[in-house]
Amino acid sequence: MIFRPSIKRAATRVVAAVAALACAFSLAGCGEDEAGKIRIGIKFDQPGLGFKKSGTYVGFDVDVAKYIAKELGYSEDEIIWKEAPSKQREAMIQNGDVDMILATYSITDERKKAVSFAGPYFVAGQDLLVRDDDHSINGPEDLDGKRLCSVTGSTSAKTVKEKFASEVQLMEQPGYAECATALFSGIVDAVTTDDIILAGLASASRGKLRVVGKPFTQEYYGVGIKKGDVRLAARINAAIEDMIQDGAWQRAIEDNTKGTSYQPNAKYNPPEPTEGEA
């Protein structure tokens, strides 16, 4: 049967309408190769949390993101991973570049002015990373006269200096991998940031570095989403709760901190995900 041009045009309009409808009901926008998929922002350079490795993505944040996506109806093949640097996270959500962000993204009142959160899915605490054979540092109060590394722009080292060790010597590096290298080589005596980030570095060090294990702050990691999306927050929170209940959350912690003695702070973990529902 031969279609006349007018019928062809009508058929084309029907196909376009169906595609548009599919986009409307898909969580992800319909950009090139993004139709029917979910776009998730993660870190690409944090071992144990969000790390790009030979074209794949691994880490605790990645595992949580995969579980949430599955509960929302997306397979792993339907996830588009996007790098979410700390300074760009709010803009990426506001501009619609991603549907959600899991990137050691602490829930704060200031950030909630721009975006909403679901979660928390983990409560981290600031801690210290030291060489495995160094037992002179057992907490932040032992850092007077020591050299402490943190990432440029982070307030972690300043917290230590202001509250625990006024005579600590601060050193900044562009990333935690550089801080770990400085620790390996003896240029610094310790690295400070959230404990689970440090656990990822310790796991990658193959026993040469260890987390002290005495956290002294709380950081509530949330899933960043478009401001005011209460329905999505509730669905994400339900997924996180399911992950905790079926044991996948604990397995993800263990898998991504292998070779360390790291244990999440049991006072706060696993958390109760209720953020963003009201």
Side-chain angles (χ1 to χ4, degrees), residues 40-43 46-51 59-68 71 84 86 89-90 100-112 115-129 139-140 150-151 154-157 159-160 163-164 176 191-203 210-225 233-258 260-278:
I40 303 179
I42 58 170
K43 293 291 181 70
Q46 284 187 342
L49 287 153
F51 194 70
F60 178 68
D61 284 354
V62 174
D63 289 342
V64 176
K66 287 179 180 178
Y67 195 101
I68 291 171
E71 294 294 292
S86 295
R89 290 177 298 199
E90 284 85 51
M100 61 185 69
I101 288 179
L102 293 90
T104 60
Y105 200 7
S106 296
I107 301 169
T108 68
D109 290 338
E110 185 63 27
R111 287 171 178 161
K112 286 197 285 186
V115 301
S116 289
F117 287 93
Y121 62 90
F122 187 80
V123 182
Q126 187 178 341
D127 210 324
L128 301 171
L129 184 71
S150 67
V151 169
S154 167
T155 59
S156 300
T159 297
V160 171
K163 295 185 177 181
F164 299 100
Y176 292 111
V191 179
T192 189
T193 187
D194 296 349
D195 54 0
I196 193 167
I197 298 175
L198 299 178
L201 294 171
S203 181
R210 64 179 176 86
V211 181
V212 168
K214 293 183 179 178
F216 44 93
T217 66
Q218 291 82 49
E219 299 290 338
Y220 291 77
Y221 287 177
V223 181
I225 57 176
R235 294 177 70 193
I236 291 172
N237 287 343
I240 295 169
E241 185 63 36
D242 287 346
M243 186 178 187
I244 293 168
Q245 293 299 324
D246 72 12
W249 183 91
Q250 182 62 37
R251 288 193 297 274
I253 291 286
E254 293 170 357
D255 289 346
N256 290 293
T257 59
K258 284 181 180 177
T260 73
S261 57
Y262 174 75
Q263 290 290 332
N265 190 333
K267 183 178 179 180
Y268 302 101
N269 287 289
E272 295 184 9
T274 59
E275 183 68 39
E277 295 186 26

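A donor-acceptor pair is defined here as one N or O able to donate and one able to accept, closer than 3.5 Å; no such pair exists between the side chain of Asp194 and the backbone of Ile196. Side chain of Ser203 to backbone of Lys258: a donor-acceptor contact under 3.5 angstrom is found. In this structure, the side chain of Asn237 engages the main chain of Glu275 through a donor-acceptor pair within 3.5 Å. In this structure, Asp127 contributes its side chain and Lys214 its backbone to a donor-acceptor pair below 3.5 Å. Asn269 places a side-chain N or O within donor-acceptor distance of the main-chain N or O of Val123, the cut-off being under 3.5 Å. Panel note: side chain Asp195, backbone Pro264; no donor-acceptor pair is recorded below 3.5 Å. Listed for the Thr217 side chain is a donor-acceptor partner under 3.5 Å among the backbone atoms of Gln126.
When side chains are defined from C-beta on, Thr104 counts as touching Lys43, because their heavy atoms get closer than 4.5 Å. You'll find the side chain of Glu90 reaches within 4.5 Å of the side chain of Tyr105, heavy atoms only. The shortest distance between side-chain heavy atoms of Phe117 and Arg111 falls below 4.5 Å. Side-chain atoms of Tyr121 and Ile236, non-hydrogen and from C-beta on, never get closer than 4.5 Å to each other.
Contact detail for Pro215 and Asn265: the closest heavy-atom pair is CG-ND2, 3.9 Å. Taking every heavy atom of both residues into account, Pro120 and Pro271 meet most closely at O-CG, 3.4 Å. Residues Gly276 and Ala233 come closest through the heavy atom pair O-CB, 3.5 Å.
Atom CD of Glu277 has more than 12 neighbouring heavy atoms from other residues, nucleotides or ligands inside a 6.0 Å radius.
Using cut-offs of 30° and 60° for the angle between ring planes, the Phe122 and Tyr221 rings count as tilted.
The closest side-chain donor-acceptor pair between Tyr67 and Asp246 falls under 3.5 angstrom.
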Between Phe60 and Thr257, does the side-chain contact (heavy atoms from CB on, under 4.5 Å) criterion hold? Intermediate values first, please.
CA-CA 9 Å; Phe60 178 68; Thr257 59; over 6 Å; no
Check against side-chain contact (heavy atoms from CB on, under 4.5 Å), Ile68 and Val223:
CA-CA 10 Å; Ile68 291 171; Val223 181; 4.1 Å; yes
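To the nearest 0.5 Å, atom CD of residue Glu254 and atom OG1 of residue Thr260 are 10.5 Å apart.
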